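Report on the following structure.
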Amino acid sequence: MLEKLLFKERWVELVWSHSGDFVGNLVICLICSSTTVSFRSEMYQLCLYLVVLLVFYQISVQCLNLNVTSKTRPNIVMVMSDAFDGRLTFAPGRDVVQLPNINYMRELGAIFLNSYTNSPICCPSRAAMWSGRFVHLTQSWNNYKCLDHNATTWMDQLQQSGYRTLSLGKLDFKSGSHSVSNRVEAWTRDVHFRLRQEGRPVVDLVHNSSTVRVMTNDWKNTDIASEWIRRSTAQSQPFALYLGLNLPHPYKTDSLGPDAGGSTFRTSPYWLKKVSYEHISVPKWLPFSEMHPVDYYSTLTKNCSSSFSQEEIRNIRAYYYAMCAETDSMLGEVISALRDTGLLNSTVLLFTSDHGELAMEHRQFYKMSMFEGSSHVPLVIMGPGIKSGVQLSQPVSLVDVYPTVMELAGIPSPGGLSGFSLLPLLSGSNGSRPNWVLSEYHGCNANASTYMLRMDHWKYIAYADGTSVPPQLFDLSKDKEELKNLASSLPEVVQYLDLLLRSAVDYPSVSKEVHLYNKQEFLSWRQSLGSNYTQVIASLRWHLDWQRDPQRNEKAIDEWLMGLQ
């Protein structure tokens with residue numbers, strides 16, 4: 001009778017089913033103890049009110065729990081550009097170009113003054129960031145050989161733990177990408193020839209002083225990201241967003257064909273006005289005779305060995321800085337979307353880059369080098385629990401992103417990560433973090449595997465097996481331009497840092513592994529082409545130099561492959 005009385009309407013049944021045994025038993029006692037019909041009717045009404053109040057209470061508790069969850073699990077947004085020189089995010093570098101949104105993040109959050117890529121080239125660097133593991137552990141040797149397509153990233157971990165996720169724009173961390181030229185140049189870097197692999201760096205001024213959107217594809221992805229943030233206000237669960245930008249990576253030089261490298265620095269008058277020409281430095285260059293052999297090889301293959309006027313160098317640097325200003329504006333759109341929706345205070349925002357840009361420092365453009373312009377990346381973070389205006393000098397690197405995101409989301413970090421969470425540093429503790437960072441490079445435009453250890457004011461760079469190519473040692477506190485190699489004059493420091501480097505990576509063994517990989521991959525590629533091989537290899541982007549003496553170049557390759565065929 002009681003259930004029939006109470007369950008006259010479906011909503012009452014639902015209320016009852018969620019009220020629990022305690023209330024059910026209480027209702028039965030109240031109604032059964034009543035002695036008159038009128039009293040029972042009053043008890044019936046009272047019980048209905050009691051059940052409804054209990055349900056409203058339960059709903060309120062659930063809402064409170066959701067609020068607590070959203071506070072303890074912040075939204076996470078990461079904007080990662082390509083080829084952004086980290087030194088531009090702090091003085092004196094920031095004086096050369098207006099970067100208001102990076103400045104805004106720095107003022108409201110924390111900036112890492114010594115943040116480095118784990119490999120100064122696109123795919124291996126991003127593979128390290130997404131996996132949280134050093135390059136020699138993922139075997140991300142070049143832009144073609146990176147992570148497997150089923151590799152688990154920190155974004156996958158967030159999604160599995162209940163985050164709504166979106167990754168868009170430039171991802172570039174899985175195997176199989178980039179041009180044939182790029183991978184063949186990486187495989188053959190040990191061959192005894194020096195062929196130009198890039199177009200000469202040039203500038204290109206487009207449109208007019210009202211043109212804001214030069215890199216239209218990046219802007220399209222920025223718009224998608226901003227709109228996704230604005231729609232997120234209707235969602236209760238936390239979200240994670242990754243926006244990958246191509247800027248300020250130089251553009252492809254169209255006149256060199258579809259396989260051309262990026263040697264065109266392109267911008268509009270609108271962005272060029274954001275650059276202070278009086279603050280642009282023209283970097284000093286060592287004479288060819290004093291250059292390190294790997295740096296000399298890089299200069300030649302990057303097509304930078306000919307003469308450049310002071311005006312050319314200054315313009316390349318100015319256009320690059322203007323491209324950085326456009327990148328900063330895209331970051332600003334993301335910040336605006338968070339601010340306009342009221343999500344800024346509940347969101348951790350990170351800005352970084354996969355590597356830097358030399359912009360004619362050391363007679364080079366592009367990256368593929370351990371010099372500061374190439375290896376030093378920006379890392380700025382702001383959000384709930386992060387103090388404002390903090391500047392941290394401890395060396396950090398991109399493998400630290402993974403464990404940092406895990407700690408922010410309250411997820412246990414998986415084993416085998418190379419990095420450490422940045423959050424202890426933000427709270428004033430070093431924790432178990434080492435006082436050095438590691439970067440390595442195994443790709444094109446450098447004819448030896450390269451390993452960099454940054455610790456305190458020292459930068460130590462070892463090559464190949466550690467003996468066949470001389471090392472480099474720079475004291476960055478006294479030689480910010482990295483022009484004075486101290487390796488021969490400070491053997492004790494070299495010995496100490498080399499032992500430390502070997503404790504992090506058995507680099508002679510890794511170099512040997514990469515050397516064998518390059519030979520095997522090239523031989524497999526050559527065999528796959530059959531009779532077309534001669535034509536294909538002669539038409540890659542080194543074709544101008546190759547065709548001067550194709551027989552000699554073929555002979556050099558055969559000698560390099562000797563013993564493997």
Side-chain angles (χ1 to χ4, degrees), residues 74-115 169 212-215 218-219 221-223 225-230 232-233 239-245 247-248 267 270-276 279 320-353 356 376-393 396 401 404-405 408 422-423 425-426:
N75 306 314
I76 299 170
V77 175
M78 180 173 178
V79 178
M80 186 176 206
S81 69
D82 194 314
F84 201 110
D85 184 347
R87 300 170 301 173
L88 294 177
T89 61
F90 52 84
R94 63 177 179 168
D95 297 332
V96 76
V97 58
Q98 297 175 30
L99 303 171
N101 297 293
I102 291 175
N103 292 343
Y104 175 82
M105 286 190 64
R106 189 183 66 249
E107 291 169 0
L108 292 185
I111 181 170
F112 293 87
L113 302 176
N114 291 300
S115 178
V212 176
R213 299 194 167 201
V214 180
M215 172 50 83
D218 276 354
W219 279 108
N221 288 323
T222 300
D223 290 342
S226 299
E227 180 57 28
W228 190 81
I229 290 172
R230 296 180 195 281
S232 295
T233 54
F239 64 81
L241 169 67
Y242 171 87
L243 172 61
L245 304 175
L247 275 182
T267 192
Y270 178 90
W271 295 113
L272 208 54
K273 290 180 181 178
K274 310 294 183 182
V275 178
S276 300
H279 287 105
Y320 168 68
Y321 298 143
M323 294 160 69
C324 291
E326 186 176 0
T327 307
D328 177 84
S329 185
M330 296 174 193
L331 173 64
E333 290 297 310
V334 173
I335 294 174
S336 294
L338 291 169
R339 186 191 299 114
D340 294 347
T341 53
L343 295 170
L344 192 61
N345 291 332
S346 59
T347 301
V348 174
L349 175 63
L350 300 94
F351 174 74
T352 189
S353 182
H376 198 141
V377 298
L379 183 56
V380 193
I381 181 171
M382 62 176 282
I386 298 172
K387 295 180 181 179
S388 300
V390 176
Q391 298 188 25
L392 298 163
S393 60
V396 299
V401 169
T404 301
V405 170
L408 284 169
L422 299 170
L423 298 189
L425 291 180
L426 294 171

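Numbers for residues simply follow the sequence, beginning at 1. Given the structure is predicted, the values throughout are model-derived calculations rather than measurements.
In this structure a side-chain-to-backbone donor-acceptor pair under 3.5 Å is present from D328 to N101. In this structure, the side chain of E107 does not engage the main chain of S388 through any donor-acceptor pair within 3.5 Å. The backbone N or O of M323 lies less than 3.5 Å from a partner atom in the side chain of T327, making a donor-acceptor pair. Using modelled atom types, one side-chain atom of H376 and one backbone atom of L113 make a donor-acceptor pair closer than 3.5 Å. Side-chain atoms of T89 come within 3.5 Å of backbone atoms of G86 as a donor-acceptor pair (strictly under, hydrogens ignored).
Once rounded to the nearest 0.5 Å, the distance linking CZ of F112 with CD1 of I381 reads 6.5 Å. Distance CG/D82 to CG/L245: 9.0 Å, rounded to 0.5 Å. For the atom pair L331 CG and E326 CD, the distance stands at 13.0 Å (nearest 0.5 Å). Interatomic distance, CD of Q98 versus OG of S276, reported as 6.5 Å (0.5 Å rounding). For the atom pair N75 CG and L349 CG, the distance stands at 11.0 Å (nearest 0.5 Å).
Using a 4.5 Å heavy-atom threshold, the side chains of F84 and I102 count as touching. At a threshold of 4.5 Å between non-hydrogen side-chain atoms, the residues L350 and V77 do not count as touching. In this structure, Y321 and K274 have side chains that are not in contact, with every pair of non-hydrogen atoms separated by 4.5 Å or more. With a 4.5 Å cut-off on side-chain heavy atoms, L99 and L88 count as touching. Annotation: side chain of W271 is in contact with side chain of V212 (closest heavy-atom distance under 4.5 Å). Looking at S81 and L247, their side chains never come closer than 4.5 Å, going by heavy atoms from C-beta outward.
Nearest heavy-atom pair, S353 versus A83, reported as atom, atom and distance to 0.1 Å: OG-N, 3.2 Å. Considering all non-hydrogen atoms of both residues, V97 and A325 come closest at CG2-CB, 3.9 Å. The shortest non-hydrogen separation linking L426 to A110 is CD2-CB, 3.4 Å. For the pair P378 and T352, the tightest heavy-atom approach, listed with the atom from each and the gap, is O-OG1, 2.6 Å.
With no hydrogens or angles considered, no side-chain donor-acceptor pair links E333 and W219 at under 3.5 Å.
In summary, of the residues considered (V377, N114, L379), a side chain to side chain contact (heavy atoms under 4.5 Å, CB included) with V396 occurs for L379 alone.
When ring centroids are compared, W228 and F239 come within the 6.0 Å threshold.
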Show me the donor-acceptor pairs, under 3.5 Å and distance only, between side chains in residues 335-344 and residues at least two apart or in other chains.
from : atom 1 : to   : atom 2 : distance (Å)
S336 : OG     : G332 : O      : 3.0
D340 : OD2    : R230 : NH1    : 3.3
T341 : OG1    : A337 : O      : 2.7
T341 : OG1    : L338 : O      : 3.2

Evaluate side-chain contact (heavy atoms from CB on, under 4.5 Å) for M382 paired with Y104, printing each intermediate quantity in order. CA-CA 10 Å; M382 62 176 282; Y104 175 82; 4.1 Å; yes
